[in-house]
Engineer: 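Below are the structure tokens for one structure; questions will follow.
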Amino acid sequence: MSLGSAGENGSLIDEKKLEKYLVKGYLPTIGIECHVQLNTKTKLFSSVNNDARLAEPNEMVSAVDYALPGMLPVLNRDAVVKAARAGKALNSEIARESRFDRKHYFYPDLPKGYQISQMYQPIIIGGHVDLPSGAKVRIHHAHLEEDAGKLTHFSDYTLVDLNRAGTPLIEIVAEPDIHSAGEAREYAEGLHGLMTYADVTDGDLYHGNMRFDVNISIAKSGEKLGTRIEIKNLNSFRSVERATTYEINRQIEQLEKGEIIKQETRGWLDDKQKTVSQRSKEDAQDYRYMPDADVPPVILNPEEIAEMQKNMPILPSEYRTKFKELGVDNSVIKVVLSSRNSAEVLNDVLQKDLKSAKKVANYFGEMTEEAWGAEYNAGSAASHAIHRKETESTRYNKMIDEMVILSKMVSDSEISSNAGKEIFVSLLVDSEGWIDNGVEVMAKEKGLIQSNDTSGIEKIVDEVLATPACAKAVADFKNGEEKVIGFLVGQVMKASKGQANPSLAQKLIREKLQ
């Protein structure tokens, strides 16, 4: 028996490529559907503001969204443009003719009793997403549709908020080319990068700008695909990975007990780190799809499609290729590419100076929430800079120049690496107008200039080494304990109030003790 899952023509995929994915002898097969909220100014079929993140419930709703009698939808052309640009990022074909259909089902947050979607003739056809690991996930199609509203459940009642009703979405349906939880997360991250860099969505996962439905089945080597389980509405990369891992192991455990897996929809409980059953699901649901007579077909010629797709921003894969010459760790590049803003800043520094760009990349790589606080992570801090690029290009360009100067000051030991980080963030956020003053003035005013006065530092070193507090460390170093050198340098830095060049201090300490 051969290992594999059904390929494009029902054939089995090369078993050697899939062996690494086996979990306790079972092969997971995973397909992901992603709802992407388009960042248009207005909704898909009404003129209401599309961004309701800070709005009160039912504040951004029109008669069209309420589906009052006689109200007719009018297609938002900008949603079609965004879809065409999304298709470009997905390496897809844009349909010359696409049509809208009515998907009928009853739910309290769906006033019309049907959702306007694209069942039979979607606007985006085929495509693929290339992952940094080298894997490729094929796209079956992506279609335009309106979102439903939102239900908030309480102990004995439920409230309906229709702010989200009519929000334009594209639903991206991937082929089941994924076979591990790690790859599922990598695909979700890659898709998020493509959609945000192409500027078709804000990509705010917390507010549901992108939501992932993960379909998982498992099968023994050489067997046909197992029963599919769908996990709905995952809104973080971590939850995609953890929910997938949990569900694979849950299904294996169930099969090992001789139990049958029934097709169903499950939800992810992040606080309990487990999936739970929500409803059983048949293979074919009768939504009574029918053409929507109120929305005419979308007819596009090649010239119109080209016009919609022109001037595409640089996408993550192109940035990744550009940043290879920096020679920094892949984890650093991953942090930089997690935000289009930080990637753009780094790219602009790279065009000025390679060494400076390497320093900036590493600073971005260290700008985690744990290290800097939530407001200074790589994306949010860089967004301040990009805002200046859009509104004050002269000051943005000066900021890029100052980053090159900053990098050289660190390389020349005029300031410490930690001081460089502090100034770097000050430049990005510029809350005190430091860009106009420049990094040299900033370093002096903040007292961050290091002393390279050998005689002055040597005097401090002599005083520190003679103190009783350092006697044991001195003895340990002479006995071959290298690690105590950090403690001794720290004492010199403390005595110099942070002004001594630590490299020079270490050099002098070694000379004194050897």
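This one's a predicted model, so the numbers in the text were calculated from it and none came from an experiment. In this chain, numbering begins with 1 at the start of the sequence shown.
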Engineer: Which word best sums up how the rings of Phe237 and Phe212 line up, parallel for under 30°, tilted for 30 to 60°, or perpendicular for over 60°?
Structural biologist: tilted
Engineer: Restricting to non-hydrogen atoms, name the atom on Ile170 and the atom on Leu144 that form the minimum distance, rounded to 0.1 Å.
Structural biologist: CG2-CD2, 3.9 Å
Engineer: Test side-chain hydrogen bond (donor to acceptor under 3.5 Å, both in side chains) on Asp270 and Trp268; report intermediate values, then the result.
Structural biologist: CA-CA 6 Å; Asp270 198 59; Trp268 172 246; 3.1 Å; yes
Engineer: Take atom OH in Tyr107; do more than 12 heavy atoms of anything else shown fall under 6.0 Å from it?
Structural biologist: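 No, OH of Tyr107 has 12 or fewer neighbouring heavy atoms, counting only those of other groups under 6.0 Å.
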Engineer: With heavy-atom distances below 4.5 Å as the criterion, would you say the side chains of Gln278 and Arg266 are in contact?
Structural biologist: no
Engineer: State whether the side chain of Arg211 and the backbone N or O of Gly208 hold a donor-acceptor pair below 3.5 Å, judged by distance alone.
Structural biologist: yes
Engineer: Once the angle between the rings of His104 and Tyr114 is folded into 0 to 90°, is it parallel (under 30°), tilted (30 to 60°) or perpendicular (over 60°)?
Structural biologist: tilted
Engineer: Looking at residues at least two apart in the chain, or sitting in another chain, which of them share a ring-ring contact (aromatic ring centres under 6.0 Å, His included) with Tyr187?
Structural biologist: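 Listed in chain order: nothing, the list is empty.
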Engineer: For Tyr26 and Tyr21, run ring-ring contact (aromatic ring centres under 6.0 Å, His included): C-alpha distance rounded to whole Å, both residues' side-chain angles, the deciding distance at 0.1 Å, then the answer.
Structural biologist: CA-CA 8 Å; Tyr26 291 87; Tyr21 296 116; over 10 Å; no
Engineer: Going by side chain to side chain contact (heavy atoms under 4.5 Å, CB included), name the residues that satisfy it together with Ala385, two or more places apart in sequence or in a different chain.
Structural biologist: Val345, Arg388, Tyr396, Met399, Leu428
Engineer: Please report the closest heavy-atom contact between Leu326 and Ala357, naming both atoms and the distance.
Structural biologist: CD2-CB, 3.6 Å
Engineer: What distance separates Ile314 CD1 from Asn347 CG, expressed to the nearest 0.5 Å?
Structural biologist: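 Ile314 atom CD1 to Asn347 atom CG measures 5.0 Å (nearest 0.5 Å).
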Engineer: Side chain of Asn163, backbone of Met60: donor and acceptor closer than 3.5 Å?
Structural biologist: yes
Engineer: Holding to side-chain hydrogen bond (donor to acceptor under 3.5 Å, both in side chains), I want the full list of residues that pass it with Ser133, two or more places apart in sequence or in another chain.
Structural biologist: Glu186
Engineer: Please report the interatomic distance CD1(Ile139) to NE2(His128), rounded to the nearest 0.5 Å.
Structural biologist: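 Reported to 0.5 Å precision, the distance equals 9.5 Å.
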Engineer: side-chain hydrogen bond (donor to acceptor under 3.5 Å, both in side chains) with Ser426: which residues, sequence neighbours excluded?
Structural biologist: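 Counting only residues at least two positions away or on another chain, Ser426 forms no side-chain hydrogen bond (donor to acceptor under 3.5 Å, both in side chains).
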Engineer: Can you run down the salt bridge (Lys or Arg N to Asp or Glu O under 4.0 Å) pairs that involve residues 96-123, sequence neighbours left out, and say none if there aren't any?
Structural biologist: Glu97-Arg99, Arg102-Asp292, Arg102-Asp294, Lys112-Glu146
Engineer: Between His192 and Gly203, which heavy-atom pair has the shortest distance, and what is it?
Structural biologist: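 What the structure gives for the nearest pair is NE2-O, 2.8 Å.
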Engineer: Verify side-chain hydrogen bond (donor to acceptor under 3.5 Å, both in side chains) between Gln37 and Thr167, making sure each step is shown before the conclusion.
Structural biologist: CA-CA 7 Å; Gln37 181 176 324; Thr167 293; 4.8 Å; no
Engineer: Report the residues that fulfil side-chain hydrogen bond (donor to acceptor under 3.5 Å, both in side chains) with Lys274, sequence neighbours left out, ordered by chain and then residue number.
Structural biologist: none
Engineer: Name all residues meeting the ring-ring contact (aromatic ring centres under 6.0 Å, His included) criterion together with His207; count only those two or more places apart in sequence or in a different chain, and write none if there are none.
Structural biologist: none
Engineer: Does the distance from a Lys or Arg side-chain N to an Asp or Glu carboxylate O, for Lys220 and Glu223, drop under 4.0 Å?
Structural biologist: no
Engineer: In this structure, which one of Thr40, Thr201, Asn39 forms a side-chain hydrogen bond (donor to acceptor under 3.5 Å, both in side chains) with Lys82?
Structural biologist: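 When side-chain hydrogen bond (donor to acceptor under 3.5 Å, both in side chains) is applied between Lys82 and each of Thr40, Thr201, Asn39, only Asn39 qualifies.
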Engineer: Heavy-atom count check: over 12 atoms from other residues, nucleotides or ligands less than 6.0 Å from Leu68 CG?
Structural biologist: yes
Engineer: For His35, which residues count as a side-chain hydrogen bond (donor to acceptor under 3.5 Å, both in side chains) partner, sequence neighbours excluded?
Structural biologist: Glu145, Glu171
Engineer: By salt bridge (Lys or Arg N to Asp or Glu O under 4.0 Å), which residues pair with Arg77, not counting sequence neighbours?
Structural biologist: none
Engineer: Taking only residues at least two apart or on different chains, which pairs with a member in residues 296-324 satisfy salt bridge (Lys or Arg N to Asp or Glu O under 4.0 Å)?
Structural biologist: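 For residues 296-324: Glu307-Lys310.
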Engineer: Is there a donor-acceptor pair under 3.5 Å between the side chain of Asn58 and the backbone N or O of Val160?
Structural biologist: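 Side chain of Asn58 to backbone of Val160, a donor-acceptor pair under 3.5 Å: yes, one is there.
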Engineer: Only one of Asp78, Asn76, Asn50 passes side-chain hydrogen bond (donor to acceptor under 3.5 Å, both in side chains) with Thr42; say which it is.
Structural biologist: Asn76
Engineer: Assess the pair Phe424 and Phe364: is the distance between their ring centroids shorter than 6.0 Å?
Structural biologist: yes
Engineer: Listing request: all salt bridge (Lys or Arg N to Asp or Glu O under 4.0 Å) pairs with a residue in residues 126-136, at least two apart in sequence or in separate chains.
Structural biologist: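 Found none.
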Engineer: Mind jotting down which residue pairs meet the side chain to side chain donor-acceptor pair (under 3.5 Å) criterion with at least one end in residues 148-157? Sequence neighbours excluded, please.
Structural biologist: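 Found His153-Thr158.
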Engineer: Might you work through the side-chain hydrogen bond (donor to acceptor under 3.5 Å, both in side chains) test for Ser62 and Asp65, ending with a clear yes or no?
Structural biologist: CA-CA 5 Å; Ser62 73; Asp65 305 315; 3.1 Å; yes
Engineer: Does some side-chain heavy atom of Glu183 sit less than 4.5 Å from a side-chain heavy atom of Val137?
Structural biologist: no
